[in-house]
Student: 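Got a structure for you, questions after.
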Amino acid sequence: SMLFAGAMLLGAPGLVAAAKPSARVSRERSIADIPFSKLNAPTQKKLRSVLDNYSIYRRLPVQVIPADPELHLFLIRYPEVVVNMWELMGITKVQIRRVGPYISQASDGAGTISTVELAYGDRDTHVIYCKGHYEGTLVRKRIEGECVLLLKTSYKTADDGRTYITNRLDVFVTIHNVGAELIARTLQPVIGKTADHNFVASTKFLGQISQQAAINRSGMQRLASRLTRIDGRLQHEFS
């Protein structure tokens with residue numbers, strides 16, 4: 001969910017020109033994985049506006065975690081539950097508020113505010129569209145942008161009976177500002193590493209929550225009762 005707030009700062013126009021052939025193939029396959037035939041026309045148009053004019057493409061480190069598939073899917077679909085847990089732990093300034101069945105407003109607490117829309121979701125594929133801006137200390141001018149995130153998930157049951165879930169996240173970013181190339185060329189190495197770190201840490205956290213649910217049911221029920229930033233229906237479903 002922290003990626004939703006920060007993905008707009010991942011890169012700049014022109015950076016993809018020097019991409020390795022393998023990265024180009026990954027981008028093409030990633031775009032091919034988006035189920036456009038299952039999306040309505042307005043949603044297709046929003047996604048295409050980014051995919052046809054993206055400033056940078058980035059594949060984050062592929063992650064494998066042991067987790068319960070149903071719980072994992074729930075936490076992917078409702079990131080506000082994860083953020084609420086982080087708030088209770090005192091480890092985040094991220095805020096996220098659901099404003100519609102598939103739309104949320106997110107802030108990273110450091111200057112980035114974005115609208116996050118789940119454009120498509122099934123067991124194996126989630127497509128997320130974000131639009132927002134950054135105003136903070138890293139740059140003088142407000143930066144506006146859009147991004148498309150494709151999360152591909154696969155499942156495998158091991159000999160020990162546990163399910164291991166593989167998550168692959170591809171990010172396409174469009175920066176709208178004049179002169180954004182120079183800004184992002186300067187920031188991209190730092191922001192890219194931060195995005196990688198956040199995805200790795202967030203994914204591991206999902207695995208840890210699933211493991212705790214398996215071995216400490218009463219403790220997880222107490223945690224669920226403390227999640228006051230989400231509505232009662234969602235709290236009950238998590239519980």
Student: Same cluster for F36 and V50 if Ile/Leu/Val/Met/Phe/Trp/Tyr side chains link at under 4.5 Å?
Tutor: yes
Student: Is it true that D170 and K152 make a salt bridge, defined as a side-chain N closer than 4.0 Å to a carboxylate O?
Tutor: no
Student: For the residue pair I175 and V173, establish whether any side-chain heavy-atom pair is separated by less than 4.5 Å.
Tutor: yes
Student: Parallel, tilted or perpendicular: which fits the ring planes of F172 and Y54, with parallel below 30° and perpendicular above 60°?
Tutor: perpendicular
Student: Mind checking whether I113 and H133 have side chains closer than 4.5 Å, heavy atoms only?
Tutor: yes
Student: Less than 4.5 Å apart, side chain to side chain, heavy atoms only: is that true for F238 and L234?
Tutor: no
Student: For R58 and K193, work out which heavy atoms get closest and say how close.
Tutor: NH2-N, 4.0 Å
Student: What pair of heavy atoms forms the shortest contact from T174 to S55, and how long is it?
Tutor: CA-OG, 3.5 Å
Student: Measuring from atom CD1 of I76 to atom OG1 of T203, what distance do you get when rounded to the nearest 0.5 angstrom?
Tutor: 7.0 Å
Student: More than 12 heavy atoms of other residues, nucleotides or ligands under 6.0 Å from CZ of R229: yes or no?
Tutor: no
Student: Using the rule given for side-chain contact (heavy atoms from CB on, under 4.5 Å), can you reason through T43 versus V127, listing the C-alpha separation, both sets of side-chain angles and the distance that settles it, and then say yes or no?
Tutor: CA-CA 11 Å; T43 300; V127 182; over 6 Å; no
Student: Determine the minimum heavy-atom distance between V83 and V94, stating which atoms define it.
Tutor: CG1-O, 3.4 Å
Student: What's the separation between atom CD in E135 and atom CD in E144, rounded to the nearest 0.5 Å?
Tutor: 8.5 Å
Student: Only pairs at least two apart or in different chains count here, so list each ring-ring contact (aromatic ring centres under 6.0 Å, His included) that has a residue in residues 92-126.
Tutor: none
Student: Between R123 and Y155, is NZ or CZ placed under 6.0 angstrom from the six-membered ring centre and within 45° of the ring axis?
Tutor: yes
Student: Would you say R226 has more than 12 foreign heavy atoms packed within less than 6.0 Å of its CZ?
Tutor: no
Student: Side-chain contact test, heavy atoms from C-beta onward, threshold under 4.5 Å: evaluate it for L75 versus M85 and give yes or no.
Tutor: yes
Student: For R48, which residues count as a salt bridge (Lys or Arg N to Asp or Glu O under 4.0 Å) partner, sequence neighbours excluded?
Tutor: none
Student: At what distance, to the nearest 0.5 angstrom, does NZ of K204 lie from CD1 of I65?
Tutor: 11.0 Å
Student: Take atom CZ in R233; do more than 12 heavy atoms of anything else shown fall under 6.0 Å from it?
Tutor: yes
Student: Determine whether I96 and Y78 make a side-chain contact, defined as any pair of heavy atoms from C-beta on separated by less than 4.5 Å.
Tutor: no
Student: Quick check against the 3.5 Å criterion: does N84 have a side-chain atom that pairs as donor or acceptor with the backbone of E87?
Tutor: no
Student: Evaluate the side-chain proximity of M220 to R217: yes if any heavy-atom separation is below 4.5 Å, no if none is.
Tutor: no
Student: Does any N or O in the side chain of S239 come within less than 3.5 Å of the main-chain N or O of Q235, such that one atom is a donor and the other an acceptor?
Tutor: no
Student: Please list all pairs passing the side-chain hydrogen bond (donor to acceptor under 3.5 Å, both in side chains) test where one or both residues lie in residues 62-72, with sequence neighbours left out.
Tutor: H72-N167
Student: If you look at every heavy atom in C130 and I128, which pair is closest and at what distance?
Tutor: SG-CG2, 3.9 Å
Student: Is there a chain of hydrophobic side chains (I, L, V, M, F, W, Y, each step under 4.5 Å between heavy atoms) that links F205 to L149?
Tutor: yes
Student: Within this structure, what is the OG-CZ distance for the pair S210 and R162, rounded to the nearest 0.5 Å?
Tutor: 9.5 Å
Student: Treating S225 as the side-chain partner and R222 as the backbone partner, does any N or O pair qualify as donor plus acceptor under 3.5 Å?
Tutor: yes
Student: Do I103 and F74 belong to the same hydrophobic cluster, where Ile, Leu, Val, Met, Phe, Trp and Tyr are linked whenever their side-chain heavy atoms lie under 4.5 Å apart, directly or via other members?
Tutor: no
Student: So how far is it from K131 NZ to T115 OG1, rounded to the nearest 0.5 Å?
Tutor: 8.5 Å
Student: Using side-chain heavy atoms (C-beta onward) and a distance below 4.5 Å, is E28 in contact with Y57?
Tutor: no
Student: Please report the interatomic distance CZ(R59) to OG(S30), rounded to the nearest 0.5 Å.
Tutor: 6.0 Å
Student: Are the side chains of T166 and K156 in contact, using a 4.5 Å heavy-atom criterion?
Tutor: no
Student: Of the non-hydrogen atoms in D33 and T125, which two are nearest, and what is the gap between them?
Tutor: O-CG2, 4.3 Å
Student: Are L73 and L150 in one and the same hydrophobic cluster, where Ile, Leu, Val, Met, Phe, Trp and Tyr link if side-chain heavy atoms are under 4.5 Å apart?
Tutor: no
Student: Give me the atom names and distance for the closest heavy-atom approach of H176 to G145.
Tutor: CD2-CA, 3.7 Å
Student: Within the distance-only criterion (no hydrogens, no angle test), does the side chain of Q44 pair as donor or acceptor with the backbone N or O of L39 below 3.5 angstrom?
Tutor: yes
Student: Should L206 and L88 be regarded as members of a common hydrophobic cluster, given that ILVMFWY residues are connected when their side-chain heavy atoms come within less than 4.5 Å of each other, either directly or indirectly?
Tutor: yes
Student: Would you check if the side chain of S202 reaches a backbone N or O of F199 as a donor-acceptor pair within less than 3.5 Å?
Tutor: no
